[in-house]
Amino acid sequence: MIILETVGRIHSFETCGTVDGPGIRVVIFMQGCYLRCKYCHNPDTWNMNNGNIYTVEETLSEILKYEVFMKKSGGGVTISGGEPLLQAKFLEKLFIELKKKNINIAIDTSGNIDYNRVKDTIQYVDLFLLDIKSMYSENHFELTKAKLELTLKFLENIDKLNKVIWLRHVFIPGITGSEDELIRIKNLKKNYKSITKIEILPFHKIGEYKWEEMGYEYTLKEQREPTAKEIKIANEIIK
Ligand code: SF4
């Protein structure tokens with residue numbers, strides 16, 4: 001008999017990832033997300049009923065194939081998605097096994113979830129890659145169909161755990177990344193001691209074809225991507 005909490009729905013694995021945390025990483029894209037970010041690259045992760053079912057043991061054995069690379073490079077595992085914390089119970093069991101092997105754990109999350117529902121899971125996380133989609137409530141909701149306040153509350157709670165937090169912000173010219181917004185993000189770093197880094201991610205349309213394949217309307221079709229100069233200026237503001 002399969003116990004539900006010991007299986008997870010996984011969209012895909014990516015090996016040798018180098019952008020989602022330090023060192024070489026195995027990145028696991030979990031299935032399921034209830035946000036609807038207009039720029040999402042992975043709308044194929046949204047539906048919780050899709051993806052492949054893996055047991056904790058199967059997931060672990062995929063990860064451990066790369067144990068040497070992860071450890072030699074100072075890397076580890078990054079759990080992304082989708083919203084990984086929707087499968088918190090499965091991840092908790094996986095994390096317990098990863099910690100027995102002394103493997104670094106990062107989680108890429110919107111933080112748009114009730115902290116109390118996931119606190120047992122995230123105690124094992126070493127690094128949070130927390131997406132700040134917008135610092136304005138209305139804009140956040142318009143962009144994601146979710147409330148900024150829940151993410152900020154999550155941030156307040158994880159800051160107390162004495163882990164490492166990197167904030168990530170997708171820069172979409174004319175929609176996110178104004179000087180005022182970047183200063184608000186920078187101020188989060190002043191207010192929360194666990195934040196050690198802010199990453200500005202340029203908006204791009206690599207996921208657009210997936211929206212079309214899935215029959216969803218991609219509303220940012222006409223939106224331009226930021227220039228290198230805009231990203232440079234943004235990085236100077238948050239420095
Ligand atoms: S939180 Fe991530 S997976 Fe979910 S809709 Fe937004 S970008 Fe896509």
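Order of appearance sets the numbers: ligands from 1, and atoms from 1 within every ligand.
In Lys133, the part holding a heavy atom less than 4.0 Å from any atom of ligand 1 is the side chain.
Salt bridge Glu225/Lys205: absent, no basic N to carboxylate O contact under 4.0 Å. Taking 4.0 Å as the cut-off between side-chain N and carboxylate O, Lys210 and Asp44 count as a salt-bridged pair. The pair Arg25-Glu14 does not meet the salt-bridge criterion, since no charged nitrogen lies less than 4.0 angstrom from a carboxylate oxygen.
Tally of protein N, O or S atoms closer to atom 4 (Fe) of ligand 1 than 2.8 Å: 1.
A donor-acceptor pair is defined here as one N or O able to donate and one able to accept, closer than 3.5 Å; no such pair exists between the side chain of Glu199 and the backbone of Arg168.
For the pairing with Ile107, the side chain to side chain contact (heavy atoms under 4.5 Å, CB included) check across Val77, Leu85, Leu129 returns one residue only, Leu85.
Under the 30°/60° scheme for interplanar angles, the aromatic rings of Trp211 and Trp46 are found to stand perpendicular.
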